[in-house]
Structures are given as C-alpha cells and as structure tokens.
S.K.: 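Have a look at this one.
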Amino acid sequence: MTALDLNSATPLLRQGYDYWLAKCGDRPMPARADLDPAEIKPVLPNLILMDVLRDTKPGWPLDFRYRLIGTRVDAMMNGRYTGLCMSDLPHQQPGSRIWTSLETVAEHCRPQINRVPYVGQHKDFITVVDMVMPLSGDSRQVDMLFCIVEFIPREPLY
C-alpha cells in the first residue's frame, strides 16, 4: 500500500478503508457481494459505487457509471448523476482529475486518496477528500469502485 497515504485520510475515509481491507480477506480486493450496507451505516451518506465499464460504447474503451450515490454526496453535487456515465459528463471525461483517479484505481487495483478543491453550489466547503477502492467479482479485473467522499469545510471567519 505504498501509494496510499493513510495519514491524509479523514476518520470516515479510514473507516471505509478498514472495512474494505477486512473484506479483502486473502484476495487483492473484495467483490461487491462482500459489502453489507448494515455493516457500514456511518459511511453510507458519503458513499459512491461506480460501475467500471469496458468497451460498452464506441470510442470509449473505459467508462464509469454512477450506480449509487449516498445522500450527503448527492446533496453536494451539481446535478443528479445516478445512472449516468462519466462519458456523458464533459467536465468528468478523460483528462479530468476524477477520471484520472478512477482510471488509476481500475487499472492498478489499488486504493487511492485524492484531495481536490470543492467546486459546487455550497460555498461553505473548500476541499473534497475521497478514497477510491477497487472491487472485483473475479479477484483479477476491477468491475466496481467503492468510494467514500468527505467535504472539508472552510475555516470560520472571525
């Protein structure tokens, strides 16, 4: 896990990572079927599950679809993305930070932490920190991404 700086993880992200790691068992990554929402209630509002799509659309060898978005994350986004593919969202296509992060995890089968400026309608947040973790039904190829997203507030002005 040398590429993963757990010191930069918030407690919520660390909780998601510890859960993911426990579900790995002796495999490099768990399957979606291993996840039990009842076991991770505190992270559910901050959860995103992404399908990893391969060669499903002409010209797109890789794509990502928003399968599930937790209530807290959904409230902070600039639209309703559940069911949409990133290839349909110009600001999330190849070259964007989010695409690059998801692509890296899908290709290398390793979790990654990202810290990016918050860009959205809520002006009380300054940064978004997320952890993206791979899921695989066959323990070889990533077919889903288990993401925990946390919004970091601005420092209060006195």
Side-chain angles (χ1 to χ4, degrees), residues 3-24 29-53 56 60 62-137 142-156:
L4 186 64
D5 178 13
L6 291 175
N7 292 328
S8 67
T10 66
L12 188 70
L13 269 58
R14 184 60 197 240
Q15 183 178 3
Y17 173 76
D18 290 344
Y19 179 76
W20 176 87
L21 190 61
K23 293 298 180 177
C24 284
M29 58 197 134
R32 163 61 183 98
D34 296 322
L35 307 182
D36 181 352
E39 296 174 344
I40 53 173
K41 285 182 183 177
V43 303
L44 291 179
N46 295 67
L47 174 73
I48 298 177
L49 287 179
M50 303 285 294
D51 291 319
V52 177
L53 308 174
T56 59
W60 292 89
L62 184 65
D63 203 352
F64 305 96
R65 180 178 41 230
Y66 287 95
R67 175 173 289 262
L68 180 133
I69 301 174
T71 55
R72 178 141 173 86
V73 176
D74 191 52
M76 299 304 161
M77 296 179 92
N78 289 326
R80 299 291 177 236
Y81 292 171
T82 302
L84 296 180
C85 289
M86 289 179 61
S87 62
D88 298 323
L89 303 166
H91 65 286
Q92 293 188 5
Q93 292 180 358
S96 69
R97 286 182 179 183
I98 189 169
W99 182 282
T100 301
S101 171
L102 300 182
E103 181 179 41
T104 299
V105 174
E107 288 179 358
H108 298 284
C109 307
R110 289 189 307 261
Q112 180 172 314
I113 293 176
N114 306 288
R115 182 177 291 265
V116 298
Y118 172 76
V119 179
Q121 64 215 23
H122 302 280
K123 302 303 177 203
D124 37 334
F125 298 108
I126 191 165
T127 305
V128 177
V129 181
D130 65 71
M131 182 177 292
V132 180
M133 296 159 277
L135 301 174
S136 174
V142 176
D143 52 26
M144 289 192 85
L145 298 169
F146 174 60
C147 312
I148 308 296
V149 180
E150 186 139 36
F151 300 89
I152 308 301
R154 294 182 183 280
E155 293 294 323

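Keep in mind that the numbers below use all heavy atoms, side chains included, and drop hydrogens, waters and symmetry copies.
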S.K.: Are Val105 and Val142 close enough, and set up right, to give a side chain to side chain contact (heavy atoms under 4.5 Å, CB included), and what steps lead you there?
M.R.: CA-CA 8 Å; Val105 174; Val142 176; 5.6 Å; no
S.K.: Between Tyr66 and Val73, is a side chain to side chain contact (heavy atoms under 4.5 Å, CB included) present by the stated rule, with each step listed?
M.R.: CA-CA 12 Å; Tyr66 287 95; Val73 176; over 6 Å; no
S.K.: Between Phe64 and Val52, is the side chain to side chain contact (heavy atoms under 4.5 Å, CB included) condition met? List the steps.
M.R.: CA-CA 5 Å; Phe64 305 96; Val52 177; 4.2 Å; yes
S.K.: Check Gln93 against Met86 and note the closest heavy-atom contact, atom names and distance.
M.R.: CG-O, 3.5 Å
S.K.: Ignoring hydrogens and geometry, is there a side-chain-to-backbone donor-acceptor pair from Asp36 to Ala38 under 3.5 Å?
M.R.: yes
S.K.: Are any side-chain N or O atoms of Ser101 and backbone N or O atoms of Ile98, one a donor and one an acceptor, separated by less than 3.5 Å?
M.R.: no
S.K.: Strictly distance-based, threshold 3.5 Å: is any side-chain N or O of Arg80 a donor or acceptor partner for the main-chain N or O of Asp74?
M.R.: yes
S.K.: Taking only residues two or more places apart in sequence, or in another chain, which ones meet Thr104 in a side-chain contact (heavy atoms from CB on, under 4.5 Å)?
M.R.: Thr100, His108, Gln112
S.K.: State, to 0.1 Å, how close Pro42 and Leu12 come at their nearest heavy-atom pair, and which atoms those are.
M.R.: O-CD1, 3.8 Å
S.K.: Once you round to the nearest 0.5 Å, how far does CE of Met77 lie from CD1 of Ile48?
M.R.: 5.0 Å
S.K.: Could you go through the side chain to side chain contact (heavy atoms under 4.5 Å, CB included) check for Asp34 and Trp20 one step at a time?
M.R.: CA-CA 9 Å; Asp34 296 322; Trp20 176 87; over 6 Å; no
S.K.: Tell me whether the rings of Tyr19 and Phe146 are parallel (<30°), tilted (30 to 60°) or perpendicular (>60°).
M.R.: tilted
S.K.: Kindly compute the distance separating CG (Asn114) from CG (Asp130), expressed to the nearest 0.5 Å.
M.R.: 4.5 Å
